[in-house]
Amino acid sequence: MTVRLYDTRSQALRELDPVVPGRVGIYVCGPTVQSSPHIGHLRSALSYDVMRRWLAHSGLAVTLIRNVTDIDDKILDAAPKAGSEWWAHAYRVELEFAAAYRALGIQEPTYEPRATGHIGEMIALIGRLVEAGHAYPAEDGSGDVWFDVASWPDYGVLTRQTGDDFVAGDGEGRAKRSPRDFALWKGRKAEEPESASWPSPWGAGRPGWHIECSAMAERYLGSEFDVHGGGLDLRFPHHENELAQSTSAGSPFARLWVHNGLVTVAGQKMSKSLGNSVFAADLLGAARPVVVRYALEAAHYRSDLDHSAGSLVEAEEAVARIERFVERAVDAGAPPAPAIVPPAFAAAMDDDLGVPQALAVLHDTIRRGNQAIDAGELQAAGEALGAVRAMVGVLGIDPADPAWSAGVQDDGSREALGALVERLIEERQEARRARDFAAADRVRDELAAAGIALTDTGDGTRWSIDGR
RNA sequence: GGUGGGGUGGCCGAGAGGCGAGGCAACGGCCUGCAAAGCCGUGUACGCGGGUUCGAAUCCCGUCCCCACCUCCA
């Protein structure tokens, strides 16, 4: 069974054919730690989390590298406004990202390199480019080093931005040969903090944005690796420039380029000017992490995902349905069966990570499992339960995953509450046995008012808080 | 202007020439003391206009609209 992924460069579904059989190396552009994580960052990280989980499930040894850009114009810009040193600001934001990722059950990457930890690799790579005639130090004494786009005929192959149809990049008016040339190294400016510069053969300065990914991908994954991922908005110029740098320096670089779709909010692009940004904290305050995760996985990773208040409500219902089935099957005494993913699920995932179709298989399996429980066919119910557990594991939405309760402090209050609720349930049962339904309903209403729902089942009454 | 991606039922969201993915919501039924849950059933969906075909949401032509990137962005 082979996995196919949509490759941006060839604009086609391509078979994942690992450089090293049995292993797969993935490089994903992580965040520039300038401000708090938002829904788009989470969606992106989640896309590659699902990818790595599926590849690992398929028996591949996955090496996932997701970088942190912790030195950059925007960080230098944001830090003073936050009243911090740039490095303190970057680190604080990085910790916010880590917390949000953890909350959503996004598995830790194999390694998470920081740009500032790889200045040496970047300088070495820039040196290779200068030597090969693909880069040049500026002649204005600025200490800048530019990539010479004209020296690399393949420039633009990733996004077909050939010719001169596009607008000049950054560094307008600087001493570069062509407006299309981009910065590999930025000489230190007088007003910039000394702590934000490193010595180099071209003078003190700091790296340009794109060079870090080329340098770190090569260091951890080798000069040729399997998948390079990131948000759709990074295709140009970021990924185009990475590709140009690495290939012109003699590295084959990524075999497949994967780009995840962006998130809109109520149909609009999220932007600071519109003030409609949805931050990780907003989401996690509005719904359980597993629900947020489900909501962000519900659309195919390459589609736009529109977020609205309703999407979390819907996801909550869907997740609750999964949870109820698992609980029901266990309560019914369904015998354990191996956790095997159904063939239709595997086929959907193999086909460019078709999570929406995979979810359809999951829900089908749940319906069939419920039918089996209703019919008393415990063997079949157990098999459905095993399949559901396997699928839910791959998608990272297993309700039983300890990750969801990792951050929850349990001081015993849940058990204390349980004891009280059980007493009230017993009271209600006695009323029901006496056919005093008014009294029975009063108990149920009082509990409901406190946010506790009761459900009568074949063997006893279950309770839950807000449907959890 | 250049490059890429879209317009699917009340909503979300798959599919990409031929049995109406799936979820949510709604309605009817079974079950229940009543609910809830679960199950069963109910939808003349594919921007618009032409065309090809035995058959088109899917292909072709035309047309309208939306979005992203080309400047920092997941």
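Chain letters run A, B, ... following the sequence lines, proteins first, then strands; residues in each count from 1.
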Comparing nearest nucleotides in RNA chain B, the 5'-proximal residue of the pair A:Asp306, A:Gly40 is A:Asp306
With a 4.0 Å cutoff (strictly under), does any side-chain N or O of A:Arg324 reach OP1 or OP2 of B:G38?
yes
Any donor-acceptor pair, under 3.5 Å, between the side chain of A:Arg435 and the base of B:G33, if you only look at N and O atoms?
no
Cation-aromatic face contact A:Arg302/A:Tyr6, 6.0 Å, 45 degrees:
yes
What nucleotide, of B:C34, B:C39, B:A25, holds the atom closest to the side chain of A:Glu317?
B:A25
OP1, OP2 of B:G38 versus side-chain N and O of A:Arg321: anything below 4.0 Å?
yes
Under 6.0 Å from the six-membered ring centre of A:Tyr101 and within 45° of its axis: does the NZ or CZ of A:Arg66 meet both?
yes
So, under a plain 3.5 Å distance rule, would you say the side chain of A:Asp441 forms a donor-acceptor pair with the base of B:G33?
yes
Please state whether the phosphate of B:C70, meaning OP1 or OP2, lies under 4.0 angstrom from any side-chain nitrogen or oxygen of A:Thr159.
no
Base of B:A37 paired with side chain of A:Arg328 (donor-acceptor, under 3.5 Å):
no
Please check if the distance between the ring centroids of A:His57 and A:Phe345 is under 6.0 Å.
no
Taking only side-chain N and O atoms of A:Arg302, does any of them lie within less than 4.0 angstrom of OP1 or OP2 on B:G6?
no
Between A:Leu104, A:Ile39, A:Val291, which is the residue that forms a side-chain contact (heavy atoms from CB on, under 4.5 Å) with A:Leu283?
A:Ile39
